[in-house]
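The structure appears below as structure tokens.
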Protein chains: 2
Amino acid sequence: MDDATVTAPAPDEDIDLAYDVFARSCPSRHTLEHVTGRWGALTLGALSENTLRFNELRRRVDGVSEKMLSQTLHALERDGLVHREDRQTNPPRVEYRLTPLGESVAERLLSLIELIEGKMPEVLAAQHRYDGRRPA
Amino acid sequence: MDDATVTAPAPDEDIDLAYDVFARSCPSRHTLEHVTGRWGALTLGALSENTLRFNELRRRVDGVSEKMLSQTLHALERDGLVHREDRQTNPPRVEYRLTPLGESVAERLLSLIELIEGKMPEVLAAQHRYDGRRPA
DNA sequence: CTGTATCCGAGTGGATACTG
DNA sequence: CAGTATCCACTCGGATACAG
């Protein structure tokens, strides 16, 4: 991938428009999708509580398949949000933890998740109203 | 859909575990996906700045198709995050705006988005390191 | 302008089996 | 335990055409 596809920020200026998620070619979109994607969000959430091993994560993130968890972890590791530590022991023991960057991302993500969880009664009420008006 | 599939909260108690996004059957997962999904996040972000009409949204959310925008807006409206107002005029004029609930969700979402945009240099550096170690 | 309907390819994602 | 590899169903999502 080419990383120069976006409005190139002059290194000696502080441009706050450097990365704009609203632009379709901005690399921040990919990272945002890793973070907010179906399994990315839950994985970051789980790791914000503890360092976890692969199968511990699988159990914590209810419903994720091996394939998706593996894929998700690779993407998050590549983005520098998750650190993978292979203890090289027998039996194998691999631990996943958040990097400092991952922690700050997870913090804001969890704030969003908790808000939504707390507002679910309102959301469900809205859904019922909507479905009632459009019974099709 | 059945809305009683989750740990039913006793109406007269304040249980903060009532909706747990980590449980695969929790309805909050659907809402979280609408909010954080590829187009949901950008749509909420765009509407947090202004009330917008359909085609204004299409232009703001660079790359979205009519179909996806329509679908996204329906989901967000159903969840009670977006209000749709049809002016019933000719030519047609339909405005989309955030509800109060939508605003609080968008606020936290934008906080996350802005963090990621700001950290993109770190993320890209991490990606290069990762790709360098695993050139395959 | 504001959408819906249809087609269709590309990617998602689950189940299973297998390797180290 | 910690994954990878493969198969395959299904959905996503874009392009296009059309409707109110």
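Each chain gets a letter, A, B and so on, in the order its sequence line appears, and its residues count up from 1.
With Arg29(B) as the partner, the side-chain contact (heavy atoms from CB on, under 4.5 Å) test is satisfied by one option alone out of Ile116(A), Asp62(A), Ile113(A): Asp62(A).
The backbone N or O of Glu117(B) sits nowhere less than 3.5 Å from a side-chain atom of Ser28(A) that would complete a donor-acceptor pair. At distances below 3.5 Å, at least one donor-acceptor pair connects side-chain atoms of Thr43(A) with backbone N or O atoms of Trp39(A).
If you check dG13(C), dC1(C), dA17(D) against the side chain of Glu66(B), the one that comes closest is dA17(D). The side chain of Ser70(A) has dT4(D) as its nearest neighbour among dG14(C), dT4(D), dG14(D). Of the listed nucleotides (dA15(D), dT4(D), dC1(C)), dT4(D) has the atom at the smallest distance from the side chain of His74(A). Among dC1(C), dC1(D), dG3(C), the nucleotide with an atom closest to any side-chain atom of Arg53(A) is dC1(D). Closest to the side chain of Lys67(B), from the set dG14(C), dT6(C), dA2(D), is dT6(C). Picking from dG3(D), dG14(C), dA15(D) the nucleotide with the shortest atom distance to the side chain of Tyr96(A) gives dG3(D).
Regarding Met68(A), its CE atom lies at a distance of 15 Å from the P atom of dG3(D), rounded to whole Å. For the pair Arg38(B) CZ and dT11(D) C1', the computed distance is 13 Å after rounding to whole Å. Computed from coordinates, the Leu73(A) CG to dG13(C) P distance equals 14 Å when rounded to whole Å. Summarising the geometry, the separation between CD on Glu33(A) and P on dG13(C) is reported as 11 Å, rounded to the nearest angstrom. Between the CZ atom of Arg84(B) and the P atom of dC1(C) there is a distance of 16 Å, rounded to whole Å. Distance Gln71(B) CD to dG14(D) C1': 12 Å, rounded to the nearest Å. Summarising the geometry, the separation between CD on Glu77(A) and P on dA2(D) is reported as 15 Å, rounded to the nearest angstrom. If you take CZ of Arg58(B) and C1' of dG13(D), they are 13 Å apart, rounded to a whole angstrom.
For Glu122(B) and Lys119(B), the salt-bridge test passes: some basic side-chain N is under 4.0 Å from an acidic carboxylate O.
Here Asn90(B) does not reach the OP1 or OP2 of dC1(C): none of its side-chain N or O atoms lies under 4.0 Å away. One finds no side-chain N or O of Arg87(A) lying less than 4.0 angstrom from the OP1 or OP2 phosphate oxygen of dA2(D).
With a 6.0 Å radius and a threshold of 12 heavy atoms from other residues, nucleotides or ligands, His83(A) has its NE2 atom above the threshold.
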